[in-house]
Amino acid sequence: MIRFFARLWSGFKEYIVLVVLVILSITALSLNQKPEVKNVRAVAFGTFAVVTSVVSDLIDITKIKGENEELRLVNAELMLQVNRLREYGIQNEELKNLLKLKDSLNYPLIPASIVSKSFSKVQGTITLNAGAKNGIKPGMPVINDQGLIGIVYNASEDFSIARTLRNFDLKLTVKDERSRIDGVMKWNGEHLVIINVPKTYDVEPGDRIITSDLSSVVSIPLPVGVVIGLSNIKTGIFNEVNVKPFVDFVRVENVFIIGIVESKQKNNLELNFYNRNEK
């Protein structure tokens, strides 16, 4: 024990003497009641308090900055997780509606997702991640749970392109579901319109529009939209019927392609009928 204290003294005697003197000085200052000493003691302790406060504030600021960085990181991660969950929720709802649609239709349906969209004033097209190897051919309708989206017009091995209803080159024969009146619908750059509808025809705002069985493109009844108004009412003998589509083309992501090409089916039926007559 004596050797330990001897080594401690020999190695740290300067620091030990300093600590002892500081303790004695502080003790002497605290016991001395002279006014001059009291003033020195007040100044010393005040200075020590100020320095301690400044150092403490600096340490706290550093800790707060670090905590703020961590909180910002946590907030960013939570934001990404919340957005991901919301996206999953939206996709789940859309997919559930598509499953209900598949169960309710007796047509071959090919599922696909939209990988790109191109919407100009007159040319609206979508690219799908399914192509010829999935059985897709030009002329097949593209739908979702809300209604008709467009018609496939080109298909490669793995992808296909469809003209949407908002495409100037796509014209369809449609029908007023209530009054059973047929007409030709097209995109005029701003609205879907049924053109050259005689003013005597029974078409009113709120009527549902579906594809017509007279169509050589889509003869099965598919929802298209709802009548929102008539134009050219005061001039001429024809009206244009403005139609609001059921499908939100901006938000749609998952679709079905109906695996039939109506015009080819009709041609085959006509050919078979002709062959039977020849026999």
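Along the sequence shown, residues are numbered consecutively beginning with 1. Because the structure is a prediction, the values reported are computed rather than measured.
Scanning all heavy atoms of the two residues, the minimum distance from Gln146 to Phe246 falls at O-CB, 3.4 Å. In this structure, Ser160 and Val152 approach most closely via the heavy-atom pair CB-CG1, 4.2 Å. When all heavy atoms are compared, the tightest approach of Gly150 to Leu170 is CA-CD2, 4.4 Å. Across Ala130 and Asn134, no two heavy atoms sit closer than the pair CA-OD1, 3.3 Å. Leu222 approaches Pro141 most closely through the heavy-atom pair CD1-CB, 4.2 Å. Taking both residues in full, the closest heavy atoms of Tyr201 and Ile181 are given as CD2-CG2, 3.1 Å, listed atom of the first, atom of the second, then distance.
Note that the CE atom of Met140 and the CZ atom of Phe256 stand 14.5 Å from one another [nearest 0.5 Å]. Between the CD1 atom in Ile209 and the NZ atom in Lys244 there is a gap of 14.5 Å [rounded to 0.5 Å]. The line from CG of Asn167 to OG1 of Thr125 is 7.0 Å long, rounded to the nearest 0.5 Å. For the atom pair Glu190 CD and Asn242 CG, the distance stands at 10.0 Å (nearest 0.5 Å). Note that CD1 of Ile194 and CG of Asp207 are 9.5 Å apart. Values are rounded to the nearest 0.5 Å. The distance from atom CZ of Arg178 to atom CD of Glu204, rounded to the nearest 0.5 Å, is 4.5 Å.
Relative to the six-membered ring of Phe119, Lys121 misses at least one condition, a distance below 6.0 Å or an angle of at most 45° to the axis.
Within the 3.5 Å criterion, the main-chain N or O of Val252 finds a donor-acceptor partner in the side chain of Lys117. Distance alone, capped at 3.5 Å, places no donor-acceptor pair between the Asn239 side chain and the Val241 backbone. Here the side chain of Thr164 pairs a donor or acceptor atom with the backbone of Gly124 at under 3.5 angstrom.
Between Leu128 and Val255 there is a side-chain heavy-atom pair separated by less than 4.5 Å. Counting only heavy atoms from C-beta outward, the side chains of Ile257 and Leu109 never approach each other to under 4.5 Å. Side chains of Arg208 and Pro223 form a contact here, defined as non-hydrogen atoms less than 4.5 Å apart. The closest side-chain heavy-atom distance from Val197 to Val203 is below 4.5 Å. For the pair Ile260/Ile220, a side-chain contact is recorded, criterion being any heavy-atom separation below 4.5 Å from C-beta on.
When the options Val193, Thr211, Ile195, Leu165 are evaluated for a side-chain contact (heavy atoms from CB on, under 4.5 Å) with Met185, the one that passes is Leu165. The side-chain contact (heavy atoms from CB on, under 4.5 Å) test with Leu172 is passed by exactly one of Val184, Leu148, Leu192: Leu148. When Thr173, Asp182, Asp176 are each tested for a side-chain hydrogen bond (donor to acceptor under 3.5 Å, both in side chains) with Ser212, only one passes: Asp182.
Under the 4.5 Å side-chain heavy-atom criterion for ILVMFWY residues, no single connected hydrophobic cluster contains both Phe159 and Ile151. Using a 4.5 Å cut-off between side-chain heavy atoms of Ile, Leu, Val, Met, Phe, Trp and Tyr, with links allowed through other members, Ile110 and Ile126 fall into the same hydrophobic cluster. In the hydrophobic clustering of ILVMFWY residues, with side-chain heavy atoms under 4.5 Å counting as a link, Tyr153 and Ile143 come out apart. Linking ILVMFWY residues whenever their side-chain heavy atoms come closer than 4.5 Å, directly or via other members, places Val243 and Val217 in the same cluster. Val174 and Val226 fall into different hydrophobic clusters, where Ile, Leu, Val, Met, Phe, Trp and Tyr are joined by side-chain heavy atoms under 4.5 Å apart, directly or via other members.
The pair Lys175-Asp213 counts as a salt bridge, with a side-chain nitrogen and a carboxylate oxygen less than 4.0 angstrom apart. Ionic pairing of Lys186 and Asp169 is not present here: no N-O contact between side-chain nitrogen and carboxylate oxygen is shorter than 4.0 angstrom.
Checking Asn254 against Ser113 by side-chain atom types alone, a donor-acceptor pair falls below 3.5 Å. There is a side-chain donor-acceptor pair under 3.5 Å between Ser116 and Thr127.
The environment of Phe249 atom CZ is dense: over 12 non-hydrogen atoms of other residues, nucleotides or ligands sit within 6.0 angstrom.
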